[in-house]
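Just so you know, ligand 1 is whichever comes first in the structure, and atom 1 is the first atom listed for that ligand.
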Amino acid sequence: MKRLLITGAAGALGRAMRARLAPLAETLRLSDISDLGTAAPHEELVQCDLGDAEAVHRLVSGCDAILHLGGISVEDKFSKILNANLLGMYNLYEAARANGHPRILFASSNHTVGFYRQDQHIDTTAPMRPDGLYGVSKCFGEAIARMYFEKFGQETALVRIGSCMEKPSNHRMLSTWMSYNDFKLLIEAVFRAPMLGCPIVWGISNNDSRWWDNSHAAYLGWKPQDNAESYRAELDAALGRPDSTAPLAVYQGGNFVKDPIFPEA
Ligand code: NAI
Ligand code: 15L
């Protein structure tokens, strides 16, 4: 493709994907509210607040596809979540509608279903059970994407990322981990698929301990290659046996279920 927009490009996943995705497009348009460093020859840098509708319209103009990573990524004050994750999603989808419906990969989250217990195995038909306002904002994001698909044919992959990082850092992540390489392979599959639609996809590696079933999305041809199990011995040695009654070991959302509602003041 000619131009791929990556929002949230200054964040953890944006930084991890920036070089990995260079072969996918002639130009990467990288955007964030924070500083993005120096542009390489194939990069365009655009600093913008997702809550600013006019700026988001300019941002999306001329893009063939969007990797939407930008937003508040943990529990926070509702005003911040409202601006970045709710208003930001609306602005992005209106901008996409005005600019020929570029395909979108939306970084949703396992916190849409965080109150399921870890002994429950679910697929994408399971009702949402968000574990905080952050999780609720991802439920909203999935809903607005779905509405734009039904009404306007806007294609989006709703990727409920588990824990995407270098390696799993606790026993919960033996189930939720997705390696950077598997995320890159998923992004390629989403943007290369002849027909996408608006599927929910669980963003996890090929983990032995997974709770989530991706069989409905087999048509994407995504075959995650890594398996968090290879880190189990290392985690056992570093952390010992986890307390089986603690939220981290009971709920799919782990410690997010314990987060308070943060006061605005
Ligand atoms: P991050 O917090 O490191 O990056 C998010 C980026 O969005 C930041 O650079 C931040 O400056 C930017 N941002 C925040 N508010 C903004 C606004 N109003 N306008 C423009 N940019 C704004 O998060 P990370 O880990 O890179 O995650 C990326 C996405 O994936 C997030 O949407 C997150 O919710 C989602 N996700 C990540 C998971 C993970 O394991 N890393 C798990 C599940 C979901
Ligand atoms: C998320 O949604 C967060 O953005 C990320 O920071 C991790 O905490 C991840 O979920 C997780 O559940 O491990």
Below 4.0 Å from ligand 1: does a non-hydrogen atom of [X] turn up there or not?
X    : value
G51  : no
G203 : no
R160 : no

Which residue supplies the protein heavy atom nearest to [atom], what is that atom called, and how far is it?
atom                    : result
atom 3 (O) of ligand 1  : A12 N, 2.9 Å
atom 3 (C) of ligand 2  : S73 O, 3.1 Å
atom 9 (O) of ligand 1  : D32 OD2, 2.7 Å
atom 10 (O) of ligand 2 : H111 NE2, 3.1 Å
atom 44 (C) of ligand 1 : S108 O, 3.2 Å
atom 26 (O) of ligand 1 : L13 N, 2.8 Å
atom 2 (O) of ligand 1  : S73 OG, 2.7 Å
atom 13 (O) of ligand 2 : S163 OG, 2.6 Å
atom 21 (N) of ligand 1 : I33 N, 3.4 Å
atom 4 (O) of ligand 1  : G11 CA, 3.3 Å
atom 39 (C) of ligand 1 : C164 N, 3.7 Å

Quiz prompt | Proximal ligand 2 atoms for N110, defined as those under 4.0 Å from one of its heavy atoms | solution = 10 (O), 11 (C), 12 (O)

Practice problem: Considering the heavy atoms of S109, write down every atom of ligand 2 situated less than 4.0 Å from one of them. | Solution: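 Ligand 2 atoms under the 4.0 Å threshold to S109: 1 (C), 2 (O).
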
Quiz item: Between L69 and ligand 1, is there a nitrogen or oxygen pair with a distance under 3.5 Å?
Solution: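 Yes: some nitrogen or oxygen of L69 is under 3.5 Å from one in ligand 1.
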
Self-check item: Check: L50 N/O within less than 3.5 Å of ligand 1 N/O
Solution: yes

For [X], atoms of ligand 1 separated by under 4.0 Å from a heavy atom:
X    : result
N83  : 18 (N)
A107 : 29 (C), 30 (O), 32 (O), 35 (C)
D49  : 17 (C), 18 (N), 19 (N)
G70  : 7 (O)
S163 : 40 (O)
C48  : 19 (N), 20 (C)

Would you check if [X] and [Y] make a side-chain contact, meaning some heavy-atom pair closer than 4.5 Å?
X    : Y    : result
F152 : H101 : yes
L239 : N170 : yes
W212 : T124 : no

Any donor and acceptor pair, going by atom type alone, linking the side chain of [X] with main-chain N or O of [Y] inside 3.5 Å?
X    : Y    : value
E264 : F78  : yes
Q120 : R117 : yes
D259 : G132 : no
E75  : L133 : yes
N206 : Q225 : no

Quiz item: What part of K138 sits under 4.0 Å from ligand 1 if we count only heavy atoms: the side chain, the backbone, both or neither?
Solution: side chain

Closest to [atom] among [options] (heavy-atom distance):
atom                    : options          : result
atom 14 (C) of ligand 1 : G71, S34, A84    : G71
atom 8 (O) of ligand 2  : F256, W177, Y134 : F256
atom 34 (O) of ligand 1 : F183, W177, Y134 : Y134
atom 9 (C) of ligand 2  : G162, S169, G254 : G162

Exercise. Kindly check if the number of other-residue, nucleotide or ligand heavy atoms within 6.0 Å of CD (E54) is above 12?
Key: no

Practice problem: Report, as yes or no, whether the 6.0 Å neighbourhood of atom OH on Y116 holds more than 12 heavy atoms from other residues, nucleotides or ligands. | Solution: yes

Under 4.5 Å between side-chain heavy atoms, counting indirect links through other Ile/Leu/Val/Met/Phe/Trp/Tyr residues: same cluster for [X] and [Y] or not?
X   : Y    : result
Y90 : I104 : yes
L4  : F106 : no
I72 : V56  : yes

Could [X] and [Y] be called an ion pair, given the rule that one side-chain N must be under 4.0 Å from one carboxylate O?
X    : Y    : result
R29  : E43  : no
R103 : E155 : yes
R146 : E142 : no

Quiz item: Looking at ligand 2, does R172 have a heavy atom less than 4.0 Å from it?
Solution: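 A heavy atom of R172 does come that close to ligand 2.
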
Exercise. Using the side chain to side chain contact (heavy atoms under 4.5 Å, CB included) rule, pick out the option among K184, M17, R192 that qualifies with L24.
Key: R192

